[in-house]
Amino acid sequence: MTNVVVVAPHPDDESIGCGGTILLHTGRGDRVHIVFLSSGELGVKSMPPGDAGRAREREAQSAARSLDASGVDFLRYPDGKLSSHIEGAGAALARIVGRETPELIYLPHEHDAHPDHQSGLPIVRSALRACAGLKPTLLTYEIWTPLATHYHVEDVTRVMGRKIEAIRCHRSQVSQFAYDRAIRGLNLYRGVTAGACRYAEIFQTADPHCAEHPQAR
Ligand SMILES: [Zn+2]
């Protein structure tokens, strides 16, 4: 059994970026825990932020159940401002990583156009500096901005229907933007160009240490 942690800056990133891969993990008995850095409270045009955050947390719980995740944590850092909370979010994530002891961490790739998605890697690196002895592999997923190159391909054909169901659990988001159609298209493209299969998710690796902190303490 592999312990897996998925880091999602907002509810829906987990299902969009690696929902199929999560289902493959949970289908073979791996433990997958999802950590939401923000609750995406600015992401529902028709609702004030407090209501939107609570609604999106309910949607995230529903998606996590449909992905058979072992559990979720909501860190509730401010949507749109994660880059101002790298160390705080890193410390909060470190407590979860210390408890879950993941061999694998999934997170958004660092070249995504959304600033909160770019903050995922520095937050994970900050957390790992506080987790001496843990050496998880980092695999980065695509959300808004497609990856230019990839390291790993996962054939998600047999779970693609369930992945789309998980994306649709984020009803407030899918009602504003057809993520389900967009991601079916992206994963179809990846299947043809990277996976020699019908639907695929692709991942890049990331170094767990940055230049200023070459060694984990
Ligand atoms: Zn996001």
Side-chain angles (χ1 to χ4, degrees), residues 4-22 32-47 49-64 66-67 69 72-86 88-90 92-93 96 105-127 138-148 163-187 190 201-204 206:
V4 178
V5 164
V6 176
V7 174
H10 316 102
D12 74 7
D13 296 329
E14 79 300 340
S15 299
I16 289 171
C18 58
T21 299
I22 292 173
V32 178
H33 190 86
I34 306 173
V35 183
F36 296 97
L37 302 178
S38 84
S39 296
E41 67 272 14
L42 302 183
V44 188
K45 305 232 179 323
S46 59
M47 273 188 207
D51 293 346
R54 284 185 287 276
R56 294 195 67 181
E57 288 187 8
R58 286 194 295 274
E59 293 172 353
Q61 296 271 17
S62 161
S66 81
L67 296 169
V72 301
D73 273 291
F74 296 103
L75 301 189
R76 302 193 176 103
Y77 281 89
D79 187 5
K81 293 200 171 70
L82 292 180
S83 64
S84 303
H85 297 275
I86 302 296
L93 180 61
I96 296 163
I105 297 179
Y106 291 94
L107 66 153
H109 75 82
E110 60 194 307
H111 303 296
D112 193 286
H114 194 306
D116 280 346
H117 299 169
Q118 293 168 16
S119 295
L121 182 58
I123 288 170
V124 167
R125 283 173 168 164
S126 169
L138 306 189
L139 288 179
T140 63
Y141 58 78
E142 48 188 0
I143 309 166
W144 269 114
T145 310
L147 280 161
K163 170 174 177 165
I164 296 295
E165 284 172 26
I167 292 173
R168 289 178 180 160
C169 288
H170 298 281
R171 276 195 278 176
S172 67
Q173 303 308 293
V174 176
S175 66
Q176 298 178 136
F177 188 91
Y179 287 106
D180 47 348
R181 281 179 56 216
I183 298 307
R184 187 185 288 281
L186 178 64
N187 291 168
R190 295 310 189 187
E201 291 172 353
I202 63 164
F203 301 91
Q204 191 48 275

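Fair warning: this is a prediction, and the values are worked out from it, not measured in the lab. Indexing begins at 1, ligand by ligand and atom by atom, following the structure's order. Along the sequence shown, the residues carry numbers beginning at 1.
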Open item on the list: When you compare the side chain of E201 with that of K163, does any pair of heavy atoms fall below 4.5 Å?
Closed with: yes
- [ ] Give a yes/no answer: is there an N/O/S atom of D13 under 2.8 Å from the Zn ion (ligand 1)?
- [x] yes
Task: H10: its N/O/S atom lying closest to the Zn ion (ligand 1) (atom name) - done: ND1
Task: Test item: L37 and D116 side chains (from C-beta on) under 4.5 Å apart, heavy atoms - done: no
Task: Verdict with reasoning, D12 to H170, per side-chain hydrogen bond (donor to acceptor under 3.5 Å, both in side chains) - done: CA-CA 6 Å; D12 74 7; H170 298 281; 5.6 Å; no
TODO: Check whether any side-chain heavy atom of S39 sits under 4.5 Å from a side-chain heavy atom of D79, and report yes or no.
DONE: no
TODO: Flag H117 as yes if one of its N/O/S atoms falls below 2.8 Å of the Zn ion (ligand 1), otherwise no.
DONE: yes
